[in-house]
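Following: one structure in structure tokens, then a few remarks.
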Amino acid sequence: MSTVDRSGLQALSAEATTLLRTLDSVLESWGTDAGAASMIMPPLLPVESLARLDFYENFPHQALVVSPLDLAKREPGARPAHFDPDALLPASLGLPSAACFAVYLYHEGRALPGNTTVTVLGRCFRREEGYQDLRRLIGFHMREIVAMGTREFVQQHLDRFGARIADFITALDLPFRKEAATDPFYDRGGQRALLQRLSPVKHEFVVDDLAIASLNVHRNFFGERCDISLAGEPIFTSCVAFGLERWLSVLHKRYGSWPAATEAVRNTRGEVAA
Ligand code: 5GP
Ligand code: ZN
């Protein structure tokens, strides 16, 4: 990792993959210990659904969509480096930028029997102005633990996991700060961005100037947009999100090698298992 890679596309070595899996199984178990259902969501989401969640309103600059080829425009034998828009059919599927969108869409139209927690490992995709090593990628793994239910329940979820993350990062000997943050809205002067600055609904754990985990409350926005209810009222939601390649980046820097970092995570898992 001596030269800086700016492609945004990175394979993980076998040793780095072992660290990612070890770390992810710790985070997944935090969720399942708290009663979360561990699920697998689809890799793509309908553009129509993401639009309903205001994704293209708030984050059009991050959006990536998927198009089939227009076979009528195919040039046999060509080895294109890209496809022009007129060689493509309309894009009705989008790459998710966060793992929790699919969780709200999965529960669309349902009345929940009670407070509900779900954990998922998603591959998330974001168009960015620039990419750097494992710190900023076009596509990365995001583990999320998502709470759906009453206002009190979703707040307790963040309090519980906020404390747990702080203990874990401290035990891993990674200096960190926890700070209020805002989502990277396209319209930074818009109402949604302004509201977030006035009343923070996002906190990040920052290690080495890198946000490696975030705590997010959405009030009852997803409950309303996806028509998910509890006792006749739209649910509140919150999520805890971990960008796994970023954890790999800071752990590798701190411990000097993938095996040493993996060992540290394995040992620490025991220390904070409560
Ligand atoms: P958020 O939705 O809060 O922007 O992202 C959730 C988490 O995903 C962040 O706290 C961060 O850990 C991670 N994340 C965001 N962007 C990237 C990225 O470009 N690469 C990686 N590896 N992780 C990211
Ligand atoms: Zn989320």
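Throughout, residue positions are numbered sequentially from 1 according to the sequence presented. Values below: all heavy atoms of this structure, side chains included; hydrogens, waters and symmetry mates excluded.
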Practice problem: Taking only Lys NZ, Arg NE, NH1 and NH2, and the carboxylate oxygens of Asp or Glu, determine whether D173 and R254 approach each other closer than 4.0 Å. | Solution: yes
Self-check item: L248 vs W258, side-chain contact (heavy atoms from CB on, under 4.5 Å): CA-CA, chis, key distance, verdict
Solution: CA-CA 8 Å; L248 261 56; W258 298 121; 3.8 Å; yes
Self-check item: Between CG on residue L95 and CD on residue Q62, distance to nearest 0.5 Å
Solution: 12.0 Å
Quiz item: How about S92 and P90: do any of their side-chain heavy atoms sit closer than 4.5 Å?
Solution: no
Quiz item: With no hydrogens and no angle check, is any side-chain donor or acceptor of R188 less than 3.5 Å from a backbone partner on A193?
Solution: no
Practice problem: Look at atom OH of Y56 and say whether more than 12 heavy atoms of other residues, nucleotides or ligands are closer to it than 6.0 Å. | Solution: yes
Quiz item: In a check of ring pair (Phe, Tyr, Trp, His ring centres under 6.0 Å) between W247 and each of F205, F168, F140, which one passes?
Solution: F168
Exercise. Using a cut-off of 6.0 Å, state whether more than 12 heavy atoms not belonging to E57 lie near its atom CD.
Key: no
Self-check item: Stepwise salt bridge (Lys or Arg N to Asp or Glu O under 4.0 Å) test for K202 and D183
Solution: CA-CA 7 Å; K202 182 182 195 74; D183 281 313; 2.9 Å; yes
Quiz prompt | Considering all heavy atoms, the nearest V47-A91 contact | solution = CG2-O, 3.7 Å
Quiz item: So, the side chain of D133 versus the backbone of D5: is there a donor-acceptor pair under 3.5 Å, distance only?
Solution: yes
Quiz item: Which of these passes side-chain hydrogen bond (donor to acceptor under 3.5 Å, both in side chains) with T119: E28, R143, E144?
Solution: R143
Self-check item: Same cluster (ILVMFWY, side-chain, under 4.5 Å), L215 and L244
Solution: yes
Quiz prompt | Main-chain N/O of F125 paired with S97 side-chain donor or acceptor, under 3.5 Å | solution = no
Practice problem: Check whether the ring centres of F185 and F59 lie less than 6.0 Å apart, and answer yes or no. | Solution: yes
Exercise. Using a 4.5 Å cut-off on heavy atoms from C-beta on, say whether the side chain of R246 contacts that of V250.
Key: no
Quiz item: Salt bridge check: are R192 and D54 linked by an N-O gap of less than 4.0 Å?
Solution: yes
Quiz item: Okay, side chain of Y255, backbone of L172: is any donor-acceptor separation there less than 3.5 Å?
Solution: yes
Practice problem: List the atom of H61, the atom of P184, and the distance in Å for their closest heavy-atom pair. | Solution: NE2-O, 2.9 Å
Quiz item: CZ of R151 to CG of N220: how many Å apart, nearest 0.5 Å?
Solution: 7.5 Å
Practice problem: Nearest 0.5 Å please: distance from the CD1 atom of I138 over to the CG atom of L9. | Solution: 4.5 Å
Quiz item: Are D208 and R135 ion-paired here, with the side-chain N under 4.0 Å from a carboxylate O?
Solution: yes
Practice problem: To the nearest 0.5 Å, tell me how far S238 OG sits from Q155 CD. | Solution: 7.5 Å
Self-check item: Sub-4.5 Å side-chain heavy-atom contact between I212 and V206
Solution: no
Exercise. Using atom types as modelled and distance alone, determine if a side-chain donor or acceptor of T116 lies under 3.5 Å from a backbone N or O of G114.
Key: yes
Quiz item: Should Y106 and L53 be counted in the same cluster of Ile, Leu, Val, Met, Phe, Trp and Tyr side chains packed under 4.5 Å apart?
Solution: yes
Practice problem: Check P76 against R74 and note the closest heavy-atom contact, atom names and distance. | Solution: CD-O, 3.4 Å
Quiz item: Which heavy atom in N58 sits nearest to a heavy atom in P60, and how many Å separate them?
Solution: C-CD, 3.3 Å
Quiz item: Is it true that a side-chain atom of N115 and a backbone atom of T150 form a donor plus acceptor pair closer than 3.5 Å?
Solution: yes
Quiz item: Taking atom CG of L27 and atom OG1 of T22, what is their separation to the nearest 0.5 Å?
Solution: 11.0 Å
Quiz item: Any side-chain heavy atom of V201 sitting closer than 4.5 Å to one from N216?
Solution: no
Practice problem: Quick one: do F176 and T170 satisfy side-chain contact (heavy atoms from CB on, under 4.5 Å)? Show the steps, please. | Solution: CA-CA 8 Å; F176 74 97; T170 304; 3.5 Å; yes
Quiz item: What about L44 and F55, same hydrophobic cluster or not, with Ile/Leu/Val/Met/Phe/Trp/Tyr joined at side-chain heavy-atom distances under 4.5 Å?
Solution: no
Exercise. Would you sort out whether D159 and H157 count as a side chain to side chain donor-acceptor pair (under 3.5 Å), showing the intermediate values?
Key: CA-CA 6 Å; D159 295 345; H157 179 76; over 6 Å; no
Quiz item: Is there side-chain contact between E204 and K178, with at least one heavy-atom pair below 4.5 Å?
Solution: no
Quiz item: Between atom NE2 of H141 and atom CZ of F242, what is the distance when rounded to the nearest 0.5 Å?
Solution: 15.5 Å
Quiz item: Could you walk me through whether V118 and H107 pass the side-chain contact (heavy atoms from CB on, under 4.5 Å) check?
Solution: CA-CA 11 Å; V118 172; H107 289 85; 4.0 Å; yes
Quiz item: Looking only at heavy atoms, what is the nearest atom pair of C100 and V146, with distance?
Solution: CB-CG2, 3.8 Å
Exercise. May I ask you to test the F101-L50 pair for a side-chain heavy-atom distance under 4.5 Å?
Key: yes
Practice problem: Any chance you could lay out the side-chain contact (heavy atoms from CB on, under 4.5 Å) test for S38 and L121, step after step, and finish with the verdict? | Solution: CA-CA 9 Å; S38 184; L121 173 63; over 6 Å; no
Exercise. Check the hydrophobic clustering (I, L, V, M, F, W, Y; side-chain heavy atoms under 4.5 Å; chains of links allowed) and say if L137 and L64 are grouped together.
Key: no
Self-check item: Considering all heavy atoms, the nearest E108-R225 contact
Solution: OE2-O, 4.3 Å
Exercise. Using the rule that two of Ile, Leu, Val, Met, Phe, Trp, Tyr join whenever any of their side-chain heavy atoms come within less than 4.5 Å, decide whether L20 and V240 are in one cluster.
Key: yes
Quiz item: Any side-chain heavy atom of C239 sitting closer than 4.5 Å to one from H218?
Solution: yes
Self-check item: Residues D209 and R177 bridged, charged N to O under 4.0 Å
Solution: yes
Quiz item: Is there side-chain contact between L19 and H252, with heavy atoms separated by less than 4.5 Å?
Solution: no
